[in-house]
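Reading through the structure tokens given below for one structure.
What you see is a predicted model; the values in this text were computed from it and never measured. The analysis underlying the following values was restricted to heavy atoms, covering all of them including side chains, and did not include hydrogens, waters or symmetry mates.
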Amino acid sequence: MTTTEHTELIRRLADDFTALQEAVLARMNGICAPETAAALEHASLTGPVTVVLAHADVLARGAVRRAELSAQLPERLRRLRAHARRVRRARSQAEARYKEQRARHLAGRSRPVDTLELRVARTAFAAAFDEALRRELRDRGLPDGTPQAPESDLGQWAWDRKAAGGEPPAPVRELRDCDDDAFVQALLRDAREEENPYLPHDAVAERWSRHARAALAWGRYAIGRAERDALACPLPARRTRLEALDDAYQDTAVLAARSREALLRATDLHDRMRDCVTTGPFAELVAQCRAAALVRFADAEPERWHSVRELTARHRADCPERAGGCPHCHRALAAVLADAPPAGADEDGDGEHPAATLPADVDRYALLADLPDTAVVAVADAAVGDESALCGYGWAAEDGTTGHGDSLASSSGEAEVIGICAAALSLLEHHEDAPVVLLCDSTEAVGVVDAALRSADPAAAHRTLLFPESRQLMARLVRHRHRVQVRWLKGHVGHDLNETADAFARLALRRATGRILPSAARKEEARILRSLGSGAGPLPAAA
């Protein structure tokens with residue numbers, strides 16, 4: 001194959017989604033033509049290959065699920081499962097290759113390195129240097145920036161200046177200006193009806209990437225509902241329901257591919273924005289502002305500036321990297337000046353400050369010693385699957401009562417919140433006056449429920465709660481906020497109630513997905529209850 005033909009093949013694969021997917025699957029199955037296999041190795045196709053495999057992965061799992069629900073022959077089911085495993089493995093390998101290529105790309109970029117004195121000063125005395133830089137930017141009529149990275153807003157300003165070419169097209173402005181719910185609906189229409197050519201525009205690419213996961217969750221929601229409908233009718237009457245399930249998987253496959261494409265588009269945009277402010281005139285402007293800020297810092301903090309200069313001069317005398325400007329040394333030197341561990345910032349000092357850690361002697365368990373004797377205490381847990389939004393939840397109370405059920409959740413956090421709400425509402429109904437305390441091993445779920453209860457506003461949980469089922473449960477629970485508490489419990493440490501709740505949640509998920517017969521489910525439920533009864537005892541003060 002000539003170079004021209006090879007280039008043309010790469011271009012055709014990049015432009016034709018179906019052709020690229022067929023080529024990738026043929027390579028996976030060992031039947032790919034040599035010239036096509038060579039073209040697939042081109043760096044420009046590394047990202048697109050992850051897109052087509054995201055699509056193929058959902059379709060392969062959908063084929064398996066449909067075969068399971070239609071009771072097809074075991075041999076065909078084995079073949080479908082084997083194919084799905086190969087696709088999943090190929091997808092993981094492709095994504096790993098993309099990450100490696102990107103890491104090499106970033107490592108090969110040359111960035112201007114500030115002077116060692118500047119890097120030490122801004123790291124050791126961040127507040128003072130930030131104030132000096134803010135004053136410099138203000139005097140120049142430039143954006144102020146933020147304390148962690150004062151140049152970040154300057155970078156956005158520079159990009160906007162460079163990219164300015166008039167207002168974007170009206171459809172782009174509409175996507176840019178609509179609320180989040182409307183934007184997600186646009187993503188769903190993009191997958192289910194007609195591809196939206198304006199989503200990759202620079203003005204909305206980042207927003208597309210942020211909300212693509214929510215749109216994909218709604219695809220899994222449609223799969224969950226179709227799966228429920230299919231399981232609710234006898235096997236001979238499932239054909240129509242299975243066609244609806246297949247449609248849901250087809251839509252979700254497109255959502256998965258578009259979600260991956262959105263990530264690639266946003267990454268490319270970030271790379272171009274970074275290039276904008278690290279090269280050319282804008283890089284010079286950033287460097288000038290930093291250097292001028294250092295002069296302001298030195299004038300305002302002469303003693304600190306003297307210590308910076310002294311320490312860096314002593315360091316340069318012996319540093320093996322002094323010829324390259326000591327590019328990695330500023331954090332250790334700043335730690336000496338600040339008398340503290342080095343900040344977890346990147347080499348340019350623009351990273352976020354590390355999160356505070358709890359003292360070693362703080363008890364991380366859910367302390368119950370402060371509760372009144374009348375309190376009803378229970379543990380809730382949840383389980384989620386891979387294919388759809390169906391989830392199971394379970395709970396077990398100190399007084400021996402238990403419960404479990406299924407719902408639809410966009411994430412494990414949402415599923416755990418559903419478990420907490422369902423358990424609390426059941427206990428509130430059966431214990432009219434007693435306070436109810438729910439323990440859960442998900443810090444996210446505990447935080448979400450606690451925020452909603454404290455604010456008396458179910459909307460406080462809406463960032464985690466995407467689906468109507470969970471939002472309705474939360475709205476009901478908030479009405480009883482004065483009687484409900486939620487606390488964290490360390491999971492999977494052998495606690496009887498936690499293990500029972502977990503077992504019920506997994507059983508509920510298997511029942512919801514039809515992966516256990518009703519008779520076997522009843523036996524499993526009885527076994528879990530016997531296990532709880534054999535080891536039950538009063539809940540310790542520190543669970």
Side-chain angles (χ1 to χ4, degrees), residues 148 179-181 183-184 210-211 213-214 217-218 221 352-359 362-372 375-384 389 391-395 397 403 405 407-429 431 434-491 497-498 501-502 505 542-543:
Q148 285 76 27
D179 62 32
D180 288 348
D181 289 341
F183 191 86
V184 171
R210 283 198 308 273
H211 291 287
R213 186 179 295 272
W218 281 108
Y221 183 83
E352 294 183 351
H353 295 305
T357 56
L358 292 173
V362 172
D363 191 344
R364 298 172 65 235
Y365 293 87
L367 297 180
L368 307 179
D370 61 330
L371 296 178
V376 180
V377 180
V379 179
D381 209 343
V384 296
C391 70
Y393 61 85
W395 56 272
S407 187
L408 294 153
S410 63
S411 65
S412 60
E414 184 168 11
E416 298 275 5
V417 171
I418 289 171
I420 292 173
C421 291
L425 289 167
S426 179
L427 292 170
L428 286 165
E429 182 180 350
H431 300 271
V436 171
V437 179
L438 261 296
L439 308 180
C440 179
D441 59 12
S442 167
T443 55
E444 177 189 4
V446 169
V448 165
V449 177
D450 188 57
L453 294 176
R454 287 177 180 273
S455 65
D457 184 6
H462 280 190
R463 185 177 293 274
T464 297
L465 306 185
L466 186 63
F467 298 153
E469 290 83 353
S470 59
R471 292 187 174 190
Q472 290 166 9
L473 282 172
M474 181 60 75
R476 289 173 56 199
L477 185 64
V478 165
R479 292 198 290 268
H480 304 279
R481 63 188 179 279
H482 300 302
R483 288 180 54 204
V484 180
Q485 290 187 39
V486 58
R487 302 188 184 189
W488 180 74
L489 166 78
K490 186 172 185 178
L497 297 185
N498 186 219
D502 177 66

*Do Glu416 and Asp441 have side-chain heavy atoms sitting under 4.5 Å apart?*
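They are in contact (side-chain heavy atoms under 4.5 Å apart), so the answer is yes.
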
*Is any side-chain heavy atom of Tyr221 closer than 4.5 Å to a side-chain heavy atom of Pro468?*
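Side-chain contact under 4.5 Å: yes.
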
Contact summary for [X] and [Y], nearest pair of heavy atoms:
X: Gly413; Y: Glu444; result: CA-OE1, 3.5 Å
X: Val384; Y: Ser412; result: CG1-CA, 4.0 Å
X: Ala423; Y: Trp395; result: CB-CG, 3.3 Å
X: Ala452; Y: Ala461; result: CB-CB, 4.4 Å
X: Phe467; Y: Ala409; result: CE1-C, 3.3 Å
X: Asp381; Y: Ala505; result: O-CB, 3.8 Å

*Can you list every pair that meets salt bridge (Lys or Arg N to Asp or Glu O under 4.0 Å) and has a residue in residues 448-461, with sequence neighbours left out?*
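Those involving residues 448-461 are Asp450-Arg454.
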
*For residues 460-477, which residue pairs qualify under salt bridge (Lys or Arg N to Asp or Glu O under 4.0 Å), counting only residues two or more places apart or in two chains?*
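For residues 460-477, and leaving out neighbouring residues, there are no salt bridge (Lys or Arg N to Asp or Glu O under 4.0 Å) pairs at all.
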
Enter the distance from [X]:[atom1] to [Y]:[atom2] here, rounded to the nearest 0.5 Å.
X: Thr464; Y: Met474; atom1: OG1; atom2: CE; answer: 9.0 Å
X: Ile418; Y: Leu465; atom1: CD1; atom2: CG; answer: 7.5 Å
X: Leu438; Y: Gln485; atom1: CG; atom2: CD; answer: 10.5 Å
X: Leu466; Y: Trp218; atom1: CG; atom2: CH2; answer: 5.0 Å
X: Cys440; Y: Leu489; atom1: SG; atom2: CG; answer: 8.0 Å
X: Leu477; Y: Ser470; atom1: CG; atom2: OG; answer: 12.5 Å

*Can you check side-chain contact (heavy atoms from CB on, under 4.5 Å) on Leu425 and His480, steps first, answer last?*
CA-CA 9 Å; Leu425 289 167; His480 304 279; 4.2 Å; yes

